[in-house]
There are 2 protein chains.
Amino acid sequence: MSKKRGRPLTEALTEAERVCLSNGAQLTELRRTVLQLILEAPGPLTAYQLLDQLKEIRKSAVPPTVYRTLEFLMENRLVHKIEQLNAFIPCSDAHHDHHDVQFLICEKCGTVAEIEDHAIVRALAKAAEKQGFHPGKAVVELDGICAACSTSAH
Amino acid sequence: MSKKRGRPLTEALTEAERVCLSNGAQLTELRRTVLQLILEAPGPLTAYQLLDQLKEIRKSAVPPTVYRTLEFLMENRLVHKIEQLNAFIPCSDAHHDHHDVQFLICEKCGTVAEIEDHAIVRALAKAAEKQGFHPGKAVVELDGICAACSTSAH
DNA sequence: TAACGGATGTTATACTATAGCTCTTCAGGT
DNA sequence: ACCTGAAGAGCTATAGTATAACATCCGTTA
Ligand SMILES: [Zn+2]
Ligand SMILES: [Zn+2]
Ligand SMILES: [Zn+2]
Ligand SMILES: [Zn+2]
C-alpha cells in the first residue's frame with residue numbers, strides 16, 4: 001500500500017507521552033497501544049480495522065473502546081481523521097494547529113501526507129472574511145496522485 | 001434551521017433539465033423528485049432523511065433508490081455531498097467546476113454556503129505542486145459561524 | 001422478434017458510530 | 001480509615017450510513 005513512515009516509533013510514543021502530560025491527560029496502556037497500531041500502519045486505518053488488530057491484543061475490545069480512544073487521541077492532537085475515508089492517521093507534528101492542516105490523499109497508493117501550508121490558511125481566512133463568516137476548524141483534503149506514484153512507471 | 005434558498009424552484013429544475021440534456025443524461029421523474037426535495041430543504045439532508053421524505057411520495061423507495069439517485073445527481077453536478085455531515089445540498093451554480101469549490105458550514109444554524117474562491121484554488125494547486133502531488137478533487141469545508149448568526153442578538 | 005442498455009425494484013448485508021449503563025480505580029477531603 | 005467524586009474502561013444494545021447482487025421493466029435498434 002505505501003512505505004513506512006519516517007519517525008521512529010519509540011520516539012513518537014515518547015513525544016506523545018510528553019504531550020499528554022502537558023495537557024493534563026493520561027496516555028494509558030490502551031491509548032498507547034492504539035496509538036502504536038496507528039503509528040505502525042502503512043496508511044490510514046478505519047476504526048474497525050483498528051478494532052480487529054486491537055482484539056488480538058486486548059480481548060475485551062469493542063467498538064466503543066476504539067471510538068473513545070480515537071476521540072482522546074484526536075483531542076490530544078495525536079491523530080487525525082480523514083473525513084473522506086472515515087479513517088485515521090497519526091499526526092506528523094505534535095506542535096501544529098489542528099485547525100489549519102491539510103491532507104494530500106494518493107488515490108493510487110493510499111498514503112496520506114499531512115502538510116501545513118500558510119498560504120492556504122490565509123486564503124481560507126480571507127475568503128471566509130469576505131462572506132462575514134467566522135471560521136473555526138477547516139477540513140482540507142486533496143485527492144490526487146502522489147509524487148512517488150506519478151514518477152513510478154506506468 | 002435556516003432561511004430558504006434564493007433561486008426559484010422551477011427555475012432550478014428547468015436548469016437541471018437542461019444540464020442533464022447536455023450531458024446526455026435523463027432527469028427522470030424519480031431524479032427530479034429527489035432533486036426537488038433537496039432544493040426545497042432549508043439545509044443539508046442526509047440520505048435517510050431524504051429517504052423518509054421520498055417514501056411518502058414513492059412507496060417503493062429504499063436506500064439504494066436514494067443512493068443511486070444521489071450518485072446520478074452528483075455526477076451531473078446538481079448536488080454536493082458535505083463530507084463532514086454525510087449530507088447533501090443542491091449545487092448553487094451548475095456551471096462551476098466541482099473539483100474547485102468550497103463550503104462554509106455554520107455550526108449554529110446549520111446552513112451551508114457554497115463558494116468558489118480562486119485564491120484558495122491557486123493556493124491548493126501551489127501547495128500540491130511543491131510536494132510533487134498531482135491534485136484531482138479537493139474537499140474544502142470550513143466550520144464556523146455564518147454572518148447572519150454572528151450578528152443576531154445574544 | 002431479439003438483443004441490448006439504462007433505469008428501477010428488491011432483498012440482504014456491510015460498514016460506521018453512539019447511547020447508556022456498570023464497574024473499578026485512584027486521588028482528595030474528613 | 002472512610003467517604004466521595006471523577007476518570008477510565010467494560011459491556012450490551014442500537015442507531016446511522018452505504019453498497020452488493022440479482023431481478024424486472026421498458027424503450028431503442030439490429
Ligand atoms: Zn497533525
Ligand atoms: Zn501514491
Ligand atoms: Zn456547486
Ligand atoms: Zn448561521
Side-chain angles (χ1 to χ4, degrees), chain A residues 16-17 20-21 23-38 41 43-76 78-89 110 139 141, chain B residues 16-17 20-35 37-38 41 43-76 78-89 110 139 141:
Chain A
E17 199 84 56
C20 286
L21 202 63
N23 291 350
Q26 317 174 39
L27 190 63
T28 61
E29 190 191 343
L30 170 61
R31 291 163 176 172
R32 190 183 172 88
T33 302
V34 170
L35 177 57
Q36 182 168 346
L37 289 172
I38 296 172
L45 288 178
T46 68
Y48 278 72
Q49 286 172 340
L50 210 41
L51 176 57
D52 286 342
Q53 294 188 30
L54 185 59
K55 275 178 177 165
E56 296 175 5
I57 304 170
R58 200 180 179 98
K59 209 176 71 61
S60 67
V62 287
T65 313
V66 168
Y67 281 102
R68 282 197 293 232
T69 304
L70 286 169
E71 187 181 13
F72 172 89
L73 294 173
M74 286 190 288
E75 278 169 359
N76 287 276
L78 296 170
V79 312
H80 292 281
K81 177 174 183 180
I82 308 300
E83 294 290 342
Q84 287 181 78
L85 304 177
N86 295 318
F88 301 84
I89 62 171
V139 171
E141 299 175 0
Chain B
E17 197 84 57
C20 286
L21 202 63
S22 84
N23 290 351
Q26 317 173 41
L27 189 63
T28 60
E29 190 191 345
L30 170 63
R31 291 164 175 170
R32 189 183 172 88
T33 302
V34 171
L35 178 56
L37 288 172
I38 296 172
L45 289 177
T46 68
Y48 278 72
Q49 286 171 340
L50 210 42
L51 176 57
D52 286 342
Q53 294 190 28
L54 185 60
K55 273 178 178 164
E56 296 176 4
I57 303 170
R58 201 180 178 98
K59 209 176 69 59
S60 68
V62 287
T65 313
V66 167
Y67 281 102
R68 280 197 294 232
T69 304
L70 286 169
E71 186 179 15
F72 173 89
L73 294 173
M74 285 191 289
E75 278 169 359
N76 287 275
L78 296 169
V79 312
H80 291 282
K81 177 174 183 180
I82 308 300
E83 294 290 342
Q84 287 181 80
L85 304 177
N86 296 317
F88 301 84
I89 62 170
V139 171
E141 298 175 1

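These values consider heavy atoms only, across backbone and side chains, with no hydrogens, waters or symmetry-generated copies. Below, chain A is the first sequence line, B the second, and so on; all start at residue 1. Remember, it's a predicted structure, so these values are computed and weren't measured experimentally.
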Check DNA chain D against residues 51-59 of chain B and give the residues with a non-hydrogen atom under 4.0 Å, in numerical order.
-> none

Ordered by number, residues from residues 20-29 of chain B within less than 4.0 Å of DNA chain D (heavy atoms) are none

Quick one: B:Leu85 CG to D:dG16 P, roughly how many Å, whole number?
-> 15 Å

Can you check whether A:Ile38 reaches A:Leu78 side chain to side chain, under 4.5 Å on heavy atoms?
-> no

B:Glu17: partners by side-chain hydrogen bond (donor to acceptor under 3.5 Å, both in side chains), with sequence neighbours left out | B:Arg32

Close side-chain approach of B:Val34 and B:Val79, heavy atoms under 4.5 Å | no

dist A:Gln49:CD -> A:Phe88:CZ (nearest 0.5 Å) comes out at 11.0 Å

Could you encode protein contacts along nucleotides 24-30 of chain D as a string, one character per nucleotide from 5' to 3', using B for base contact, S for sugar-phosphate-only contact and - for no contact, with a heavy-atom cut-off of under 4.0 Å?
-> -------

With DNA chain D as reference, determine whether B:Gln49 or A:Ala61 sits nearer its 5' end, using the nearest nucleotide of each.
-> A:Ala61

Extract, from 5' to 3' on DNA chain C, the first and final nucleotides lying under 4.0 angstrom from some heavy atom of chain A.
-> C:dT16 to C:dG20

What nucleotide among D:dT12, D:dA18, D:dG10 has an atom nearest to a side-chain atom of A:Leu30?
-> D:dG10

Please tell me which of B:Pro63 and A:Tyr48 maps to the more 5' nucleotide of DNA chain C, matching each residue to the nucleotide holding its nearest heavy atom.
-> B:Pro63

Whether A:Gln84 side chain and B:Val139 backbone form a donor-acceptor pair below 3.5 Å | no

For residues 60-71 of chain B, which residue pairs qualify under side chain to side chain donor-acceptor pair (under 3.5 Å), counting only residues two or more places apart or in two chains?
-> none

Exercise: identify the closest heavy-atom pair between A:Gly110 and A:Pro44 | O-CD, 3.4 Å

Please name all residues satisfying side-chain hydrogen bond (donor to acceptor under 3.5 Å, both in side chains) with A:Glu83, sequence neighbours left out, ordered by chain then number.
-> none

Roughly how far, to the nearest 0.5 Å, is CG of A:Leu51 from CD of A:Glu56?
-> 10.5 Å

Kindly say if B:Lys81 contacts the phosphate of D:dA18, meaning a side-chain N or O under 4.0 Å from OP1 or OP2.
-> yes

Kindly compute the distance separating CG (A:Leu30) from CG (A:Leu35), expressed to the nearest 0.5 Å.
-> 11.0 Å

Could I get the full list of salt bridge (charged side-chain N to carboxylate O under 4.0 Å, His left out) partners for A:Arg31, not counting sequence neighbours?
-> none

Sequence neighbours left out, what passes side-chain hydrogen bond (donor to acceptor under 3.5 Å, both in side chains) with B:Asp52? Give chain and number order.
-> none

Residues in residues 65-72 of chain A with a heavy atom under 4.0 Å of DNA chain D, by number, are A:Thr65, A:Arg68

Between the NZ atom in B:Lys81 and the OG1 atom in B:Thr46, the distance rounded to the nearest 0.5 Å is 10.5 Å

Could you pull out all residues at least two apart from B:Asn86 that satisfy side-chain hydrogen bond (donor to acceptor under 3.5 Å, both in side chains)?
-> none

For A:Ile57, enumerate each residue passing the side-chain contact (heavy atoms from CB on, under 4.5 Å) test, keeping only those at least two apart in sequence or located in another chain.
-> A:Thr33, A:Leu37

